[in-house]
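Accompanying notes for the structure given below.
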Amino acid sequence: MVKKLYLGLLFFFLYAPIIVLMVFSFNESRSGTVWTGFSLTWYEELFRDRRMQDAFRYTLLVAVISTAVSTFIGTFTAIGIQKLRPKWQAFALNVNYFPVINPEIVTAISLMMLYRSLRLDFGFATMLMSHIMFSIPYVILAVLPRLYALDKNLAEAAQDLGATPWQAIVKVIIPQIRPSIFTGALMAFTMSLDDFVISFFNSGGGVTNLSIEIYAMARRGIRPTVNALATLMVAVIFTVVLIANRISIRKAKS
């Protein structure tokens, strides 16, 4: 009974803010604390808000492209690290850990200074490159444990049976580590989707994402359209997770 109560309180603590946000996205007034009546006004306002739509489009575009690129680079980098000698593996892992434990503000400013020194124009390209750079280490950390669990001679055995090195990686190694690649891709996508600090210091030219737009909005008052957008995002994510769980359950049964 105590365990159930503890779990109930834990889930309430985690999900109560999201539930409140979703409820007040249907509030008639701008208030986030006083309920005045049910309305879809803020959803209608959201679909008329051009700045919010542009920010969402840039957010999604950067997240998808950076996830694809960082997953590809991170996966093959992890395969390369796994093939190194133990001493060089340790060195490569320490280098990979540094961007993860490094304060995000330091990474953001260092990238900004790098782009300035290269005289690059700040905009979509600099934001995209920044997201790719800080996502790659997380993909490597997600893929490496699964690689260590595989037989070290698996690729060599495939080549002995007639596969080329590329075929050994693509047709033998990659299928074995596909779940960890998917995990790394989800981490990269999630981190890109809600990143603020790195995006703030490395964007420009009228290119913003949702986090920058909401930060700018917070200084003059958050509009309930943010609640409406967040509710739609939660609904989409919940639907995707539900479908994925049903597919995995069916596969397990079959």
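Closest of all the heavy-atom pairs between L14 and I18 is O-CD1, 4.3 Å. Shown here for A230 and L21, the closest heavy-atom pair between the two residues is CB-CD2, 3.4 Å. When every heavy atom of S70 is checked against every heavy atom of S66, the shortest pair comes out as OG-O, 2.6 Å. Of all non-hydrogen atoms in L150 and Q176, the two that sit nearest each other are CD2-CB, 3.8 Å. The minimum heavy-atom distance linking S29 with W42 is given by the pair O-NE1, 3.3 Å. Closest approach of P165 to Q159, counting heavy atoms only: CG-OE1, 3.7 Å.
For the pair I198 and M127, the minimum side-chain heavy-atom distance is 4.5 Å or more. I73 is not listed as a side-chain neighbour of V139, based on a closest heavy-atom distance of 4.5 Å or more. A 4.5 Å side-chain heavy-atom check between L141 and Y97 finds at least one atom pair inside the cut-off. The closest side-chain heavy-atom distance from Y43 to S25 is below 4.5 Å. In this structure, L128 and V69 have side chains that are not in contact, with every pair of non-hydrogen atoms separated by 4.5 Å or more. Residues Q89 and Y148 form a side-chain contact, since some pair of their non-hydrogen atoms from C-beta on lies under 4.5 Å apart. At least one side-chain heavy atom of L61 sits less than 4.5 Å from a side-chain heavy atom of F124. The side-chain heavy atoms of V143 and T71, taken from C-beta on, include no pair separated by under 4.5 Å.
Atom CG of L40 is separated from atom CG of L46 by 12.0 Å, given to the nearest 0.5 angstrom. Taken to the nearest 0.5 Å, the OG atom of S117 stands 11.0 Å off from the CE atom of M112. L114 contributes atom CG, which lies 4.5 Å from atom CG of L118 (distance to the nearest 0.5 angstrom). Distance NZ/K83 to CD1/I173: 6.0 Å, rounded to 0.5 Å. To the nearest 0.5 angstrom, N209 atom CG is 11.5 Å from L60 atom CG. To the nearest 0.5 Å, the span separating CD1 on I212 from CZ on F201 amounts to 10.5 Å.
Qualifying ring-ring contact (aromatic ring centres under 6.0 Å, His included) partners for F38, counting only residues two or more places apart in sequence or in other chains: F26. Residues satisfying the side-chain contact (heavy atoms from CB on, under 4.5 Å) test with L186, not counting sequence neighbours, are F182.
Between the side chains of T208 and Y58, no donor N or O sits under 3.5 Å from an acceptor N or O. Defined by atom type and a distance below 3.5 Å, a donor-acceptor pair is missing between the side-chain atoms of S211 and D194. S130 and Y115 share a donor-acceptor pair across their side chains, judged by distance under 3.5 Å alone.
Taking a cutoff of 4.0 Å between a charged side-chain nitrogen and a carboxylate oxygen, R51 and D54 do not qualify as a salt bridge.
Enclosure of atom CZ in R48 by more than 12 non-hydrogen atoms of other residues, nucleotides or ligands within 6.0 angstrom is indicated. Taking a 6.0 Å sphere around NZ of K171, one finds it holds 12 or fewer heavy atoms contributed by other residues, nucleotides or ligands. Within 6.0 Å of atom CG in N94, more than 12 heavy atoms from other residues, nucleotides or ligands are found, so the atom counts as buried in its surroundings. Within 6.0 Å of atom CZ in F76, more than 12 heavy atoms from other residues, nucleotides or ligands are found, so the atom counts as buried in its surroundings.
Relative orientation of the Y215 and F196 rings is tilted, given thresholds of 30° and 60° on the angle between their planes.
Using a distance-only test at 3.5 Å, with no hydrogens or angles considered, no donor-acceptor pair links the side chain of T190 to the main chain of M187. Judged by distance alone, with hydrogens and angles left aside, the side-chain atoms of T41 form no donor-acceptor pair with the main-chain N or O of E28 at under 3.5 Å.
For the salt bridge (Lys or Arg N to Asp or Glu O under 4.0 Å) condition, no pair includes a residue of residues 93-119, sequence neighbours left out.
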